[in-house]
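Structure record follows, encoded as structure tokens.
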Amino acid sequence: MKAIAVFPAGKEVRLIEKEEPQLVKPAEVKLRILEVGICGTDREIVAFQYGSGPAGSDHLVIGHEALGVVVETGPAVARVKPGDLVVPMVRRPCPHEFCKACRSDRQDFCYSGDFTERGIKARHGFMTECVVEDERYVVPVPGELREVAVLVEPLTIAEKALSQYRVVQQRLPWEIRHSPDDDLRHTAVVLGAGPVGLLGSMALVASGFKTYVYSRGPASDPKASLVESIGATYVATQNASIERLARKVGNIDLVYEAAGASRAAFELMKVLGTNGVFVFTGVPGRKAPVELDTDLIMRHLVLKNQLVFGTVNAGRDSYEAAIRDLGVFMQHWPDAVRSLITGRHPIEAYREPLLGKPRGIKNVIALHGSHG
Ligand code: BGC
């Protein structure tokens, strides 16, 4: 079967042939992969800036945003059956007894750092024709979401962020009420209009936030009309300084950072509102240090009861929430959701979407089916 792999020693990215995997353990399922999304992490891996292959392997099969169909199940499999659509999870637990997170099936909070991630860290990924997986790590998807379910994994990032936001904001004893009345609605600013930013904006709008997307593209960018079509407001960085953005928004209750640009993020932190929460999801490359008004930021953190957290990966609950929410988005904004997928490419044509200039929003490798 075909697979896309990186070979770090020779700094090569190649389409390779591999043996098709077979079921070994009773609780395993075999999936035929239908689609695999390409994200910034993949682009870093193929640039040899991130990721690692399994121990003893000279290569890593990439791909972690996948949609598959179950084709075979072991005798102990109870949750899925052949023909079911599923999204496989990315992270697998570390082996250490002391890691309470991994021992509680919450490897997204792993303490040891010895977790593995399919297609990213020490485990082959999904950009291939078939994979075998423990049924614990596949999440069923309703058939009607077939055309957009490749977006589930990037949406889990927003779902995990939002679920933590709800938990931490329980510190406000009057509790958060999302009301259709504008004045009582919580406001969110999303930094960045890539797939994670746009999916996050949909999740925020769907859960009642008055949502602003602050991004580099001009107001004429198609992403801006996409943002407006879901009921959020697009603010182009070139048209509005952060002070102007803050005046427009009022008290910023939540910043959802999805750009991976640290300078812009910390500038935005200066205008986070009273009792506000700032969530980082981007992983910036290492660039030169930047100067920052740390006194101002620290004063605000303290005097305005602010909270800053980072979030990575996602647990099963966030996958289930993402699948539910994607169904909601498709009811409200089917065209906007579909337009997040810029292009579908056959596996043989991987080079341009993976190694070429980033184009559009989400590019997808489509196996076993139609592309275009
Ligand atoms: C993936 C996460 C992963 C993270 C760090 C992201 O692109 O979506 O699942 O944990 O990279 O490797």
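Whatever order the structure lists ligands and atoms in, that order sets their numbers, starting from 1. None of the values given here were measured: they were computed from a predicted structure.
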_Pairing residues for Phe278 by the ring-ring contact (aromatic ring centres under 6.0 Å, His included) criterion, not counting sequence neighbours_ =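 Per chain and number, Phe278 pairs via ring-ring contact (aromatic ring centres under 6.0 Å, His included) with Phe280.
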For [atom], find the nearest protein heavy atom and state the residue, atom name and distance (0.1 Å precision).
| atom | answer |
| --- | --- |
| atom 9 (O) of ligand 1 | Asn313 ND2, 2.9 Å |
| atom 5 (C) of ligand 1 | Tyr50 OH, 3.3 Å |
| atom 3 (C) of ligand 1 | Glu117 OE2, 3.4 Å |
| atom 7 (O) of ligand 1 | Thr41 OG1, 2.5 Å |

_Ala206 versus Phe329, closest heavy-atom pair with distance_ =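 Looks like CB-CE2, 3.9 Å.
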*Salt-bridge test for Glu133 and Arg118: reply yes if a basic N is under 4.0 Å from a carboxylate O, no otherwise.*
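Salt bridge present between Glu133 and Arg118.
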*Salt bridge between Arg106 and Asp108, side-chain N to carboxylate O under 4.0 Å?*
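So Arg106 pairs with Asp108 through a salt bridge.
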Proximal atoms of ligand 1 relative to [X] (non-hydrogen, under 4.0 Å):
| X | value |
| --- | --- |
| Arg91 | 10 (O) |
| Val90 | 9 (O) |
| Glu153 | 1 (C), 2 (C), 8 (O), 9 (O) |

_Can you tell me which portion of Glu65 lies within the under-4.0 Å heavy-atom range of ligand 1? Options are side chain, backbone, both, or neither._
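Neither; no heavy atom under 4.0 Å.
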*Region of Lys121 that comes within reach of ligand 1 [heavy atoms, distance under 4.0 Å]*: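 Contact part for Lys121 vs ligand 1: neither.
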Whether the [X] and [Y] side chains hold a donor-acceptor pair (N or O, under 3.5 Å, no angle test) is what I'd like checked.
| X | Y | answer |
| --- | --- | --- |
| Thr233 | Glu228 | no |
| Lys121 | His64 | no |
| Arg166 | Gln164 | no |

